[in-house]
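Comments concern the structure below.
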Amino acid sequence: MATTSGAGIFGFGPQSAKGVAVVDGNWYRHKALQVGLGVTDGQQIGAQEVGGRPLPGSPYKSGVSVGGAVTFNPRLENSLGWLLYGALGYLKETVPAITFTSILDRTLLTSGSQVISTGITAPPAAGKLAVRVWKGATQTFAGSVIVAGSGGPETFDFSSGAGAGQREVGITPKETIVGANDFTTVTSVTLPGTAESDVYVSVGWEDDSAYANVFTIDDDHPSRVKWMGFRKFIPGGDDDDSDYGLGETYNDCKILGMSMTLPNDGLISSQLAVLGRTFTIETDPDWGVTSGSTGGWHVDDGDFETYESIPIGCQVAGYVQVPAYNGVELPVINGSVTIANTPIDARYERVFGSPYMQGVTIGSRSVAVDLTVLWQNPDLYRMLLTGSKTGFEWSAKPFTTRVDLLAESPDVIPGSNVKYGLRIELANVMLAMQGAIPLVGNDAVAMRFSGVALDFAGDYCQFTLTNAENGYTWAT
C-alpha cells in the first residue's frame, strides 16, 4: 500500500557555527508544496579497464553530502525571516512598520500647489505619518509636503531629507520620510507644484505594534551566508503498526538559492536550493509530528504558521516599479526574484581521508529578476534599446534601474493595523529584453525582461519583512 506525503514535515533553524547543531527551540516548521531535500550518496562506476569484458565494473563512493530543493508558499508571520537571514546573511535593522497609502492614496502633482482635504482616511490610532514620493529616477522633486491635523502641521522636506525626530525609509534617500509627531486626525495635505509629469505623493502611517525587519548583504562580510540546519520527516504508512517514520536532519547547510515567484492571480511561492555537509537518521523521532512542540520545535501561537499571512499577487497595495522608466508601477503579469549564492567547485571542499565536504564556500552572489510586462506603448522597449523613450538609434550603454516591489497578504497582523508584507528593493539592476516581442493571434502583446543587480555603493539590496517579530537574533 502506498504512503502519502501529507504527514511529512519540513523544518529549518539557525546554526551558530559550522559543526554546532541547531539548538532546541530554534527549529521552525513550515508547510511545503514539495520537499526534495535528501542525502547525496556519491556512488560512481570506475572507468573501463583493460583485461575483462566490456561491462561496468569497479563501483565506489566518492563521498557524501546533503541538499536539494524545496518549494513552498511563504508565510510571513515569522519563519521566513530566518530563511531571508540565512540566504542574505545580515539583519540591518528592525524598525516600526509603515504603510504607504492608507491615509492618502497616490495623488498626482500638478504645476501648481494643491491643498487636499477630501479622500483622507483618519489614522486608526495615534501614530506618526509616512509621506512617500513616487517618481522616476531621472525626475526631480525638491518640495515640501505639509500635513495638518491633530499632530501638526508637520513639514516633510524632500529637499533636505528627514528633519529632527524624523527618519527615512528604503534604499533610496529622500523617497519616504516618517514624521516625528503623533497624529490622530489629518485634516489636509498641502502638496507642492512640479513641472515634472507622473510624480505622485501618498501618505501612510507608522504602526509600532508591527515591525519592518530589513535584511541585506553584510558590507563588511559580503560573502557571508549563514550556516543552517534542515529537517525532513518521511511518514510511515497506516497499514499496520510495524510501519515507522524516518527523520533526517541535515547539518552545516547553506542556502544556495532562494526565489520568489510572483503570479498576478495566485499565491506567491518560493523555492529554496540547499547544500550541506552531514546528516543524521532517526526512526520515529519525537519531532516527527505535525502538532505539539516536542523535538525542539519553536512553537508560537500555533504549530504551523497559517495561510492568512501568505502574500497574494492581487492585493491592491502591491506593486512592481522600475524608476528608471517612470514613477508608475509596471503592469506585470508574472515575475520572479532570485537570490543566488554560488559555491566554488565541491572538489575543492574535499580532502583526502574524509567523505565529507570541509565547508560550503560561496564564490559569487547575485540577485536577479524576471518580469513579464503587458505592452502599453513602445516607451519602455525604446528605453532599453536606445536609452530614451523617444530614441531611434541603438545605444551601447546598458539600461540600468532600481527595481522596487511590494507584496502583501490579505490579513492584518494581529494587534496592529498593517498587513503582513515583503518589500524587495534592488539598488541597480541591468535590465534586458528576453527575445523578441511575440505577436500571437487572439492574445495580448507582452514583453519579457530579465536582469541582475549590479554592485552598488551602499546597500546592494533590501528585503523588508513586515510582521509582528521585533527582530531576529541569530544563534551565537
Side-chain angles (χ1 to χ4, degrees), residues 12 14 28 30 72-98 100 168-172 175-176 210-219 221-222 224-226 228 254-262 268-273 305 309-311 313 315 317-321 335-341 362 365-371 402-409 413 418-429 451-456 458-474:
F12 49 84
Y28 293 83
H30 199 295
F72 61 99
N73 295 127
R75 272 75 169 165
L76 307 187
E77 186 178 329
N78 180 357
S79 56
L80 183 69
W82 296 107
L83 295 176
L84 290 172
Y85 205 152
L88 290 168
Y90 184 57
L91 174 64
K92 179 178 181 177
E93 63 180 356
T94 298
V95 294
I98 64 168
F100 291 121
E168 296 183 16
V169 172
I171 208 167
T172 303
E175 179 189 71
T176 303
Y211 300 94
N213 296 282
V214 183
F215 301 93
T216 186
I217 291 174
D218 188 346
D219 281 342
H221 307 281
R224 180 170 293 173
V225 176
K226 295 290 191 179
M228 298 188 70
K254 289 187 177 181
I255 295 175
L256 303 187
M258 183 175 180
S259 64
M260 297 280 181
T261 301
L262 312 168
I268 289 175
S269 64
S270 185
Q271 298 78 36
L272 285 179
E305 295 172 41
S309 68
I310 301 174
Q315 280 297 113
Y319 63 82
V320 179
Q321 191 184 26
S336 66
V337 179
T338 302
I339 302 167
N341 300 317
I362 302 302
R365 309 184 70 185
S366 64
V367 182
V369 296
D370 193 295
L371 303 172
R402 178 170 64 91
V403 172
D404 181 5
L405 68 90
L406 173 67
E408 286 192 337
S409 75
I413 300 168
V418 299
K419 294 180 178 180
Y420 295 101
L422 178 63
R423 185 185 185 191
I424 301 174
E425 297 174 89
L426 308 179
N428 190 33
V429 176
V452 62
L454 306 174
D455 196 5
F456 188 77
D459 283 346
Y460 174 73
C461 63
Q462 286 186 4
F463 285 64
T464 301
L465 176 63
T466 298
N467 58 19
E469 295 300 311
N470 186 6
Y472 290 78
T473 302
W474 200 267

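Everything quoted here is computed from the prediction, not taken from an experiment. Any value given below was found using the heavy atoms of this structure, including those in side chains, with hydrogens, waters and symmetry copies removed.
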Exercise for the section: Give, for atom CZ of Arg365 and atom CG of Leu256, the distance between the pair rounded to the nearest 0.5 Å. Expected result: 11.0 Å
Problem - Side-chain heavy-atom pair Val337, Phe463 within 4.5 angstrom cut-off - result: yes
Practice task
Step through it carefully: locate the ring centre of Phe12, locate the ring centre of Trp82, and say whether they are under 6.0 Å apart.
Solution key: no
Handout entry: Under 3.5 Å: donor-acceptor pair, side chain of Asn428, backbone of Leu454
Key = no
Practice task
Supply the atom-to-atom distance Leu262 CG to Ile268 CD1, rounded to the nearest 0.5 angstrom.
Solution key: 5.0 Å
Practice task
Look only at the side chain of Glu77 and the backbone of Glu305, and say whether a donor-acceptor pair between them is shorter than 3.5 Å.
Solution key: no
Practice task
Taking the side chain as every heavy atom from C-beta outward, state whether Leu422 and Pro311 have any atom pair closer than 4.5 Å.
Solution key: no
Completion exercise
Taken to the nearest 0.5 Å, the spacing of Thr216 OG1 from Tyr90 OH works out to 9.0 Å
Problem - Closest non-hydrogen atom pair, Cys461 against Leu88 - result: SG-CD2, 4.0 Å
Problem - Nearest non-hydrogen partners of Ser409 and Lys419, listed with the distance - result: O-CD, 3.3 Å
Exercise for the section: I would like to know whether Arg75 and Ile310 meet side chain to side chain contact (heavy atoms under 4.5 Å, CB included); could you show each step before the answer? Expected result: CA-CA 5 Å; Arg75 272 75 169 165; Ile310 301 174; 3.6 Å; yes
Handout entry: Side chain proximity check, Tyr319 to Asp404, heavy atoms < 4.5 angstrom
Key = yes
Practice task
Quick one: closest heavy-atom pair of Ser259 and Thr338, and the distance?
Solution key: CB-OG1, 3.2 Å
Problem - Intermediate values then yes/no, side chain to side chain contact (heavy atoms under 4.5 Å, CB included), Leu406 and Gln321 - result: CA-CA 9 Å; Leu406 173 67; Gln321 191 184 26; over 6 Å; no
Practice task
Would you confirm whether Asn213, through its side chain, and Glu469, through its main-chain N or O, come within 3.5 Å as a donor-acceptor pair?
Solution key: yes
Practice task
Would you tell me whether Tyr85 and Trp474 have side-chain atoms, one donor and one acceptor, within less than 3.5 Å of each other?
Solution key: no
Problem - Sidechain-backbone polar pair: Glu175 side chain, Gly170 backbone, donor-acceptor under 3.5 Å - result: no
Exercise for the section: Please report the closest heavy-atom contact between Asn341 and Ile255, naming both atoms and the distance. Expected result: ND2-O, 2.9 Å
Handout entry: Smallest separation among heavy atoms of Leu80 and Pro74, with atom names
Key = CD1-CB, 4.0 Å
Handout entry: Interatomic spacing from OG1 in Thr466 to CD1 in Ile98 - rounded to 0.5 Å
Key = 8.0 Å
Practice task
Identify the heavy atoms of Leu91 and Tyr472 that sit nearest to each other, and give their distance.
Solution key: CD2-O, 3.4 Å
Handout entry: Reported OG-to-CE distance for the pair Ser336 and Met260, which is rounded to 0.5 angstrom
Key = 11.5 Å
Exercise for the section: Check the side chains of Gln271 and Ser269 for a donor-acceptor pair under 3.5 angstrom, ignoring hydrogens and angles. Expected result: yes
Practice task
To the nearest 0.5 Å, tell me how far Lys92 NZ sits from Asp219 CG.
Solution key: 8.0 Å
Exercise for the section: Check whether any side-chain heavy atom of Leu83 sits under 4.5 Å from a side-chain heavy atom of Ser270, and report yes or no. Expected result: no
